[in-house]
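For the numbers below, each heavy atom of this structure counts, side chains included, while hydrogens, waters and symmetry mates do not. Lettering follows sequence order; numbering is per chain, from 1.
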Amino acid sequence: MATLQQTLDGVGLFESILKTTPIFKNKEALRHSYTPSDLPHRGEQTNRLATILAAALRGETPSNILIYGKTGTGKTLVTKFVAKELEKTGEKIGVPATTIYMNCEVVDTHYRVLAQLANTLYGQEVVPFTGWPTDQVFQAFFDIADKKKQVIVVIFDEIDKIVKKSSDEVLYNLTRINTDLKNARVSIVGISNDLRFTDFLDPRVLSSLGQEEIVFPPYEADQLKDILTQRAILAFTDGVLDETVIPLCAAFAAREHGDARRALDLLRVAAELAELGGADKVTEAHVRSAKEKIEQDRVIEVVRTLPSQSKLVLYSIILLEERGNGGVITGDVYNMYRELSRRAPMDILTQRRVSDLISELDMLGIINAAVISKGRYGRTKEITLGVPITRIKELLEKELSFSNSNLF
DNA sequence: AATCCACAGGAAGATTAGGATA
DNA sequence: TATCCTAATCTTCCTGTGGATT
């Protein structure tokens, strides 16, 4: 230890960092994936879910369940928690209950769902990523499932994704599978962010899937405060948080549909900023900068994943805004856009389409586009940028020149 | 009051990409 | 593997319109 200390003193780089008390004790406790042993303000939902699934332990088939709630309301956490408890208890009392968790953002096709189910039950890669006919995969899953008497609880997280991306056919098959199974029983838990996603569902699937429904309401500000306090005790060294920090994080997150993830992110990023700046306490100012940073990162990410035509439209708007002779309107943007795509060269879209792209950028919150009338001089959209441009401009120049170098 | 700009934004058809199906 | 389907993207053509100007 002494030699290490000497080395550091010699280099001097880490000196100041080591002198201050570290802010984090255990950063893991702030991650989304961290499962605390106690879930504040979700007792009611936990109990409902456990009560329904308890049927599995009595050897009956639990009702299928649909769980609704916006992002960061604890749906996934509660479900995973209950699922784990169910397996644990099942093992203890000798009633086999298997739970399979699946995130439909990743596992998003009919084939992949069945392959994942089969492979989890076999405990190894029996079904390859691709290649088999879908009904053969279904048969493989069916066979392994029915080998022994057991209840299989399949959890579809973000179930709305799979319905939108492919179809509800898998769900239909799974809801009917119990009539053919001799030993095993399958029940389904669907988790959805989208409250209206049942509109897209086949009514036959819906009636079977929605036997029970559990709603997770957004957290109130003081509930968020409790959650943050619970995590903060684990995550931080005592006394590094100003007392205004947690209430402020909670208030910001409550304003955005009571998202606990957002609240935790704010707290974590604020503390990281404090650490980076060499501060020994996290203050209100850090929370405010954290809010800005998170927002910027979000925008950067959105811009990065934009289709290239939209990027070019956005770049045109930025150039015009910088030039700064008054309000930017659709016609100007289109002329600039056409000039740029001609030079690129890229396909040139019609003004009608570009107008829609501008509206989409508006929806994403990157720009503000308001329809105004300039009287004799027509009706148009007046466009202003909704976010600071420097980082976006750099990003766009990098990405657009990657595909061609004639633009700049 | 009438005109008319510069688009907005709806409808419908064409084109295209990627997944489903045989 | 080929081709069939579907949903998303894009075009063409269109009607509608707030208000400064005449």
Roughly, in whole Å, what's the span from [atom1] in [X] to [atom2] in [N]?
X: A/I329; N: B/dA8; atom1: CD1; atom2: C1'; result: 13 Å
X: A/L357; N: C/dC10; atom1: CG; atom2: C1'; result: 10 Å
X: A/K374; N: B/dT3; atom1: NZ; atom2: P; result: 24 Å
X: A/Y377; N: B/dA6; atom1: OH; atom2: P; result: 9 Å
X: A/Q309; N: C/dT9; atom1: CD; atom2: C1'; result: 11 Å
X: A/I372; N: C/dG19; atom1: CD1; atom2: P; result: 11 Å
X: A/M346; N: C/dT9; atom1: CE; atom2: P; result: 15 Å
X: A/R353; N: C/dC13; atom1: CZ; atom2: P; result: 18 Å

Checklist entry - Are A/D297 and A/E301 close enough that some pair of their side-chain heavy atoms sits under 4.5 Å apart? => result no
Item to check | Any side-chain heavy-atom pair of A/F216 and A/T76 under 4.5 Å | outcome: no
Checklist outcome for this item: Taking C/dT21, B/dC7, C/dC13 as options, the one with an atom nearest any side-chain atom of A/R352 is C/dC13
Next on the checklist: If you only use heavy atoms from C-beta on, which nucleotide in C/dG18, B/dC7, C/dT22 is closest to the side chain of A/Q351?
Outcome noted: B/dC7
Checklist entry - So, the side chain of A/N64 versus the backbone of A/I188: is there a donor-acceptor pair under 3.5 Å, distance only? => result yes
Next on the checklist: I'd like to know if the side chain of A/N178 reaches the main chain of A/V186, judged simply by a donor and an acceptor atom lying under 3.5 Å from each other, with no hydrogens or angles considered.
Outcome noted: yes
Checklist entry - Can you find an N or O donor on one side and an acceptor on the other, under 3.5 Å apart, linking the side chain of A/R379 with the base of C/dT17? => result yes
Think [X] has a side-chain N or O under 4.0 angstrom from the OP1 or OP2 of [N]?
X: A/T330; N: B/dA8; value: yes
X: A/K381; N: B/dA6; value: no
X: A/T350; N: C/dC10; value: no

Checklist entry - How is A/I348 classified with respect to the nucleic acid when contacts are heavy atoms under 4.0 Å: base, sugar-phosphate, or nothing? => result sugar-phosphate
Checklist entry - Can a donor-acceptor pair be found between the side chains of A/H32 and A/D265 at a distance below 3.5 Å? => result yes
